[in-house]
Amino acid sequence: MKRTVPLMIVMVGGILMMVQYFIPHQYSQVIFNNYLEWAPIVGAFALILGVGSLTRLHTHKIRRKAQNWQYSWAVLIPLFGMPLFALIIPQSLGGGSDVHGVHDFLFMHIQVPIQSTMFSLLAFYIASAAFRAFRAKSALATILLLAAVIVMLGQVPIGDVLGKWLPNTGLWILRYPNLAAKRAIMLGVGFGMLATNLKIIFGVERNWLGGAGK
Amino acid sequence: MSAVNIWEKMLNVDRRWIFLGIGIVSIVPFLIGFGMPISTTIEVEGIFNFVNELGPDDAIFIGFDFAPGTQAENMPMAVAVMRHAFHNHTSVFMTAYVPLGKGMAVSALDYVTNPKTDGYYERVLYEDWVDYREAGITNKEDLTTAWESDGNVLPEGAVGWVFEGRDYVLLGYLPLFHLVILGMTGSIETQFPVDYHGNPIGDMPILMEHKSLRDVDLAVTTSGSSACVAWITYGREKIGLPIAFGVTGVMATDYFPYIQSGQIVGQMGGLRGAAEYEVLLKENGITRTTDKAFTGMDVQSAAHIFIILLIVMGNIAFFAGGFHKQTRLKGRR
Amino acid sequence: MRINWISIPAALILLMIPSLSAAQDSVENLTPTDDTVSEVVTEDAAAEKTEAQPAAGEPLLEPDPGLDTPGVITVQDKPNNAGDQLVVTFEPAVNPEGIQCYNVYRRIVGEVSEDAWNLVKVIPADEPSEFIDGYDPEYPIEPGVLYEYRIASMSLEEVEYFGPVYGAEIAAEGEWFHTSKVRLLIAGSLFIGLIFYYFGKAQRGTKMYLRPIAGIEAIDEAIGRATEMGKPILYVPGISTISDVATIASLTILGRVARKIAEYQTRIIVPNYDPIVYTVAEEVVKQAYLEAGRPDSYDQDSVFFLTQSQFAYVAGVNGIMMRDRPATNFYLGMFYAESLILAETGSLSGAIQIAGTDAVTQLPFFITTCDYTLIGEELYAASAYLGHEPKQIGAVKGQDACKAIVMSLITLALVLGILDLVANTHTLDWLRNLVTVSIVE
Amino acid sequence: MYDTIGIWVGAFFTLAIYSFLYKENPVYRLAEHLVVGISLGYTMVLIYNTVILPKLLEPLFAGNHWILIIPGLLGLLYITRFIPSIAWLSRYPIAFIMGTGMGIGFPLTMKAYVLRQLEAAMVPLYESGMPWYEVFGNIVMIFGTLAALIYFFFSKPHKGLFFGTGSKIGIWVIMLGFGATFGFTVMGRISLLIGRIQYLLGDWLHLIE
């Protein structure tokens with residue numbers, strides 16, 4: 001019941017979908033169309049897991065007055081404020097159409113700038129790492145860095161100014177050796193994915209069951 | 001003080017100085033502005049030419065398959081393609097593979113239809129042209145003529161009208177989007193009964209002419225994750241839908257095999273790819289000016305040079321200081 | 001071992017024979033045979049021939065007697081579908097002058113009301129006079145239902161001139177196998193077959209060879225060095241969930257590393273990003289100490305949950321690196337943008353760094369900053385090698401066999417390509433056709 | 001007014017994140033926590049509006065789609081994850097999504113990742129009118145793919161002419177590929193910074209267009 005049934009669901013579902021692909025008949029299509037209707041509904045509820053564990057984590061923090069517990073309010077208030085403002089009081093801040101509600105304000109003017117900026121921090125770290133950690137320690141690392149420098153110069157306008165051979169060499173690396181490497185990796189990863197698919201369908205790989213008791 | 005110590009001191013410089021350096025290098029070119037020219041590559045031309053061949057009877061999908069984190073790279077691509085399609089009166093469907101992508105689609109549309117944008121399109125909301133729809137005027141040219149003959153004047157600076165439900169429809173996000181792509185190969189309406197405003201899409205002229213992905217001519221996925229591959233696996237391989245990629249620089253090199261194998265018509269890689277598209281738009285007279293991506297490329301040049309210098313200097317310090325002699329592992333490569 | 005290598009060319013031949021026959025099948029499918037073409041029934045053709053019906057909303061215009069209508073309509077069942085598509089072919093009008101487009105109408109046989117006719121397709125006059133009916137989700141074709149068609153020529157003034165009604169004698173029917181997917185079926189079966197063959201072999205206890213992976217030696221050496229220096233070891237299991245293959249591989253390697261550490265009596269630090277990965281990692285380390293016979297030296301605080309926010313996690317791990325100064329850092333599992341920040345700080349703290357991930361975009365950073373890097377599949381293989389789970393090794397073997405097939409085919413293509421160049425033949429196209437899967441279903 | 005306030009708030013949080021470059025601080029911590037809450041809250045609204053309401057509740061209350069109770073209940077089982085004694089029930093919906101997803105993915109992955117790539121690797125080295133660098137490129141591409149595959153081959157030791165040399169060439173090709181990735185990654189990270197600077201200098205301060 002606890003392990004066997006889920007493993008059976010996986011196996012039956014997996015084989016059914018695999019076989020379905022080769023059968024164009026209407027009965028097989030009916031199964032497939034029903035699945036297309038059901039899967040998003042089941043999948044949507046997975047969000048409960050995320051919301052639940054986040055709420056639990058932060059209420060614990062607040063209750064135990066753990067380090068930096070005050071910030072947990074900064075997670076919980078918008079977490080439940082967003083649905084509140086969107087669904088129950090979707091009123092507008094700027095007047096007029098519904099696009100200017102609190103919900104959209106939080107998304108457009110807090111979420112978007114913060115998330116974009118988070119990623120752009122990497123530009124600073126890359127510069128720092130370029131100086132302090134990217135070393136041509138071995139022949140292979142040297143090739144890597146050389147190719148990187150050529151591609152970096154070739155991709156920006158100044159590369160054209162420095163000499164036409166730079167962007168051309170950069171593009172050649174991208175179109176041929178890079179393609180060969182990526183195709184080999186793709187084929188390997190493809191087989192790896194297929195094998196993982198099979199291992200999960202036939203219950204060889206069971207780690208995904210983990211974390212919910214034996 | 002021995003020579004080694006100088007190198008060591010140099011390598012251990014407070015990294016905030018380097019942070020400051022990259023900050024300066026990224027701001028100064030904006031204020032000066034070199035406007036260095038950008039040559040275009042066949043990867044981007046492939047997409048441009050494909051979209052350029054399309055007309056009022058055709059439709060494309062633009063997938064906003066990225067989160068705000070990568071909008072700096074993905075947004076200019078989506079905007080450029082959208083402006084190209086609007087210029088050719090090709091219908092545009094907008095979808096999102098990731099939840100936050102819906103917000104990205106909204107802001108892309110806001111940008112293209114914002115009077116502050118150079119060469120913007122004046123947006124007509126779905127409910128605003130209901131009378132024309134009911135009178136059966138849904139053909140693009142007829143609609144514009146009828147609309148203008150009723151006293152609506154194109155505002156100054158705008159280059160054309162776009163009618164919601166006729167020239168574009170914003171469908172938005174659904175979970176397990178790869179299955180949504182599969183479902184749309186049969187019917188778009190069953191997947192998205194309403195658009196993001198809640199208007200039933202079944203009555204929209206755009207949907208009446210393009211009922212499933214089979215009636216769509218191209219899907220451009222602008223993506224910051226492997227989401228773009230789902231369009232190939234579930235759209236291209238299922239019904240042969242042509243796909244074009246607009247991906248972040250980080251991912252761009254991984255997808256060259258798809259170009260060579262013909263699984264995608266082309267690819268815009270990172271800000272450079274977007275800038276190339278903007279250049280193509282300008283060269284072909286579709287827009288008057290280039291946009292944000294092109295402006296950013298000067299900074300990109302400066303920053304690349306700066307980073308290459310850092311790599312070179314770092315390695316000089318490393319080897320001159322003799323740090324490479326501290327061999328660590330036998331099995332190292 | 002020897003038997004495996006013989007099986008590969010044999011499998012190759014197996015792959016080729018049916019696909020060749022499939023190639024012929026699909027050619028046959030394209031040329032219609034007589035019995036699949038329906039006999040056409042004409043029904044009061046003469047009566048409707050000249051009847052003109054104005055389109056809705058248009059004023060009645062003088063019928064233009066010059067506008068010709070299309071001729072015979074033939075209907076075939078489209079193969080390889082759910083019985084929801086028909087191939088409709090018609091003879092275009094002999095005199096196409098003045099025709100803007102053809103409007104194709106369909107109704108179910110027996111329905112007589114005038115609104116039973118549905119406009120299912122509009123074909124511009126200059127386009128091919130064959131189309132597939134049933135793609136329109138609004139007017140689907142039901143399997144087993146007989147339909148009638150009639151086509152109108154539409155003039156430039158949008159007046160319709162109707163041609164005769166033709167009834168299809170066959171109804172659409174679903175098929176039980178998609179013939180153009182034969183190659184895919186063969187490739188899939190071959191893959192499944194090979195994987196299961198090696199699963200079986202592994203379970204029967206056959207010792208299978210996997211080449212030594214240099215990373216494993218590096219791991220042991222690095223642990224030894226940390227012991228000598230009396231400093232702890234940091235193990236970062238990546239920031240993905242338990243369903244990620246890389247995470248699973250990382251946890252297997254963690255078991256081995258923890259066991260060595262327990263033997264050497266060194267300290268291990270495992271900060272976690274994902275709560276579920278955390279619980280599993282804790283189990284793995286405890287188990288390793290137990291196996292090493294030192295359950296009492298297991299430190300409760302060595303495995304812990306840090307935070308589930310990417311940059312906060314990095315900040316936390318960096319803090320550990322600067323405070324505890326571990327002698328060795330392991331970064332094994334799935335990494336994203338944080339890889340760079342981790343590896344940079346680690347390299348500055350002077351630690352030996354061993355990384356391994358299948359995240360291609362992060363690998364370059366690991367290669368330039370770490371002492372040793374397991375690239376992509378090497379990580380899986382290393383975990384299979386260390387995990388001693390026979391089926392995992394079997395899977396690696398099975399994948400290798402498939403790679404061998406792919407490599408032989410590419411080599412064969414290379415040879416044939418040169419042959420084509422020298423002898424002016426077309427053998428490469430023939431080989432390519434064997435592995436080509438059609439896109440449109 | 002709405003837009004102006006919005007841009008000032010956005011600029012404040014942008015600078016809050018950048019303050020982390022100098023030192024970890026309370027404002028940064030606030031921004032970091034806010035983003036976690038908002039993004040999940042946003043997703044909740046979205047899922048409710050796009051799935052739960054139109055695909056489950058509306059058809060159910062319309063009364064003719066009772067069958068949808070099954071996926072609804074199956075989805076609700078996720079909640080059991082929080083009740084330790086019956087937490088195992090949450091494996092059912094996971095198994096449903098996992099199994100069917102794996103099944104659907106199998107043939108499609110086989111097609112897109114393996115057969116298509118195999119077909120595309122079978123190209124002629126030379127066709128009339130090809131410039132030398134393309135011919136050379138094709139040679140590099142075919143032999144490079146083979147060599148890189150040899151590198152990822154685990155059943156034979158990397159010794160001898162075929163496996164030894166092959167894997168060595170393979171790793172060189174892989175390194176060239178990684179070099180390209182490296183260059184593009186740097187480009188990507190800088191682009192994101194450029195985006196933010198355009199926001200700060202343009203949208204906020206109006207110093208640039």
Side-chain angles (χ1 to χ4, degrees), chain A residues 2 6 9-10 13-14 17-18 21 38 40-42 44-45 47-49 52 71 74-75 78-79 82-83 86 93-94 100 106-107 109 111 113-114 117 119-120 122-124 126 140 143-144 147-148 151-152 155 173-174 176-178 180-184 187-188 190 193 197 200-201 212-213, chain D residues 2 6 9-10 13-14 17 21 29-31 33-38 40-42 44-45 47 51 56 71 74-75 78 82 87-88 91 93 95 99-100 102-104 106-107 109 113-114 117 137 140-141 144-145 148-149 152 173-180 182-183 187 189-190 192-193 196:
Chain A
K2 293 181 182 176
I9 297 178
V10 165
M17 284 300 152
M18 232 193 261
Y21 181 79
W38 286 22
I41 298 176
V42 178
F45 283 94
L47 195 65
I48 295 174
L49 285 186
Y71 294 100
V75 174
L79 176 62
M82 290 292 275
L93 286 177
H100 288 163
L106 288 176
F107 178 76
H109 299 297
Q111 161 84 24
I114 294 180
T117 314
F119 272 84
S120 75
L122 265 307
F124 294 93
I126 254 182
L140 292 174
I143 308 173
L144 195 159
V151 169
M152 275 167 73
Q155 281 295 309
I173 291 179
L174 279 170
Y176 301 103
N178 167 60
K182 297 297 153 65
R183 175 163 290 151
L187 282 166
M193 276 163 66
N197 280 10
I200 288 176
I201 290 174
Chain D
Y2 170 89
V9 171
F13 281 107
T14 304
I17 299 289
L21 289 172
R29 234 174 283 145
L30 174 74
H33 280 83
L34 273 177
V35 82
V36 175
I38 296 177
L40 202 57
Y42 182 83
M44 262 160 82
V45 175
I47 298 274
V51 184
L56 181 65
L74 195 59
Y78 274 119
F82 299 110
W88 52 271
R91 286 173 183 160
T100 47
M102 295 287 151
I104 288 187
F106 188 87
T109 307
Y113 272 74
V114 179
Q117 295 308 323
V140 170
M141 187 179 79
T145 311
L149 279 170
F152 288 120
V173 170
I174 291 172
M175 286 300 149
L176 279 177
F178 282 163
F182 186 108
M187 177 170 92
R189 302 305 186 208
I190 302 285
L192 299 181
L193 174 62
R196 292 328 289 164

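Here the structure is a predicted model, which is why all the values come from computation and not from measurement. Chain A is the first sequence line, chain B the second, and so forth, proteins listed ahead of strands; every chain is numbered from 1.
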Give, as side chain, backbone, both or neither, the part of [X] having an atom under 4.5 angstrom from any heavy atom of chain A.
{"X": "Met187(D)", "value": "side chain"}
{"X": "Arg29(D)", "value": "both"}
{"X": "Ile104(D)", "value": "both"}
{"X": "Val9(D)", "value": "both"}

Kindly determine whether Phe13(D) and Leu34(D) satisfy side-chain contact (heavy atoms from CB on, under 4.5 Å), including the steps that lead there. CA-CA 10 Å; Phe13(D) 281 107; Leu34(D) 273 177; 3.6 Å; yes

Validation row: [X], [Y] side chains within 4.5 angstrom (heavy atoms):
{"X": "Leu140(A)", "Y": "Ile143(A)", "answer": "yes"}
{"X": "Arg91(D)", "Y": "Ile9(A)", "answer": "no"}
{"X": "Ile41(A)", "Y": "Phe45(A)", "answer": "yes"}
{"X": "Val10(A)", "Y": "Met102(D)", "answer": "no"}

Take Phe107(A) and Tyr42(D), measure what ring pair (Phe, Tyr, Trp, His ring centres under 6.0 Å) needs, and give me the verdict at the end. CA-CA 7 Å; Phe107(A) 178 76; Tyr42(D) 182 83; 4.0 Å; yes

For chain A, which of Ile174(D), Leu149(D), Val36(D), Ile190(D) has the most heavy-atom pairs under 4.5 Å? Leu149(D)

Chain A: which of Ile38(D), Leu193(D), Thr14(D), Leu30(D) shares the most heavy-atom pairs with it under 4.5 Å?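 Between Ile38(D), Leu193(D), Thr14(D), Leu30(D), the count favours Ile38(D).
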
Could I get the full list of side chain to side chain contact (heavy atoms under 4.5 Å, CB included) partners for Met18(A), not counting sequence neighbours? Leu198(A), Ile201(A), Ile192(C), Phe106(D), Pro107(D)

Is chain D contacted by the side chain of [X], its backbone, both, or neither, given a heavy-atom distance below 4.5 Å?
{"X": "Val151(A)", "result": "side chain"}
{"X": "Ile200(A)", "result": "side chain"}
{"X": "Phe124(A)", "result": "side chain"}
{"X": "Leu122(A)", "result": "both"}
{"X": "Ile173(A)", "result": "side chain"}

Partner set under side chain to side chain donor-acceptor pair (under 3.5 Å) for Gln111(A), not counting sequence neighbours: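 Side chain to side chain donor-acceptor pair (under 3.5 Å) list for Gln111(A), sorted by chain: Gln115(A).
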
Ile17(D) vs Ile114(A), test: side-chain contact (heavy atoms from CB on, under 4.5 Å). Steps then yes/no. CA-CA 7 Å; Ile17(D) 299 289; Ile114(A) 294 180; 3.6 Å; yes

Only pairs of heavy atoms separated by less than 4.5 Å count here; which of Leu174(A), Leu144(A), Asn178(A), Thr117(A) has the most with chain D?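 Looking at each option in turn, the highest pair count goes to Thr117(A).
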
Closest-packed option against chain D by number of heavy-atom pairs under 4.5 Å, given Pro40(A), Ala184(A), Gly190(A):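 Of the options given, most contacts go to Ala184(A).
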
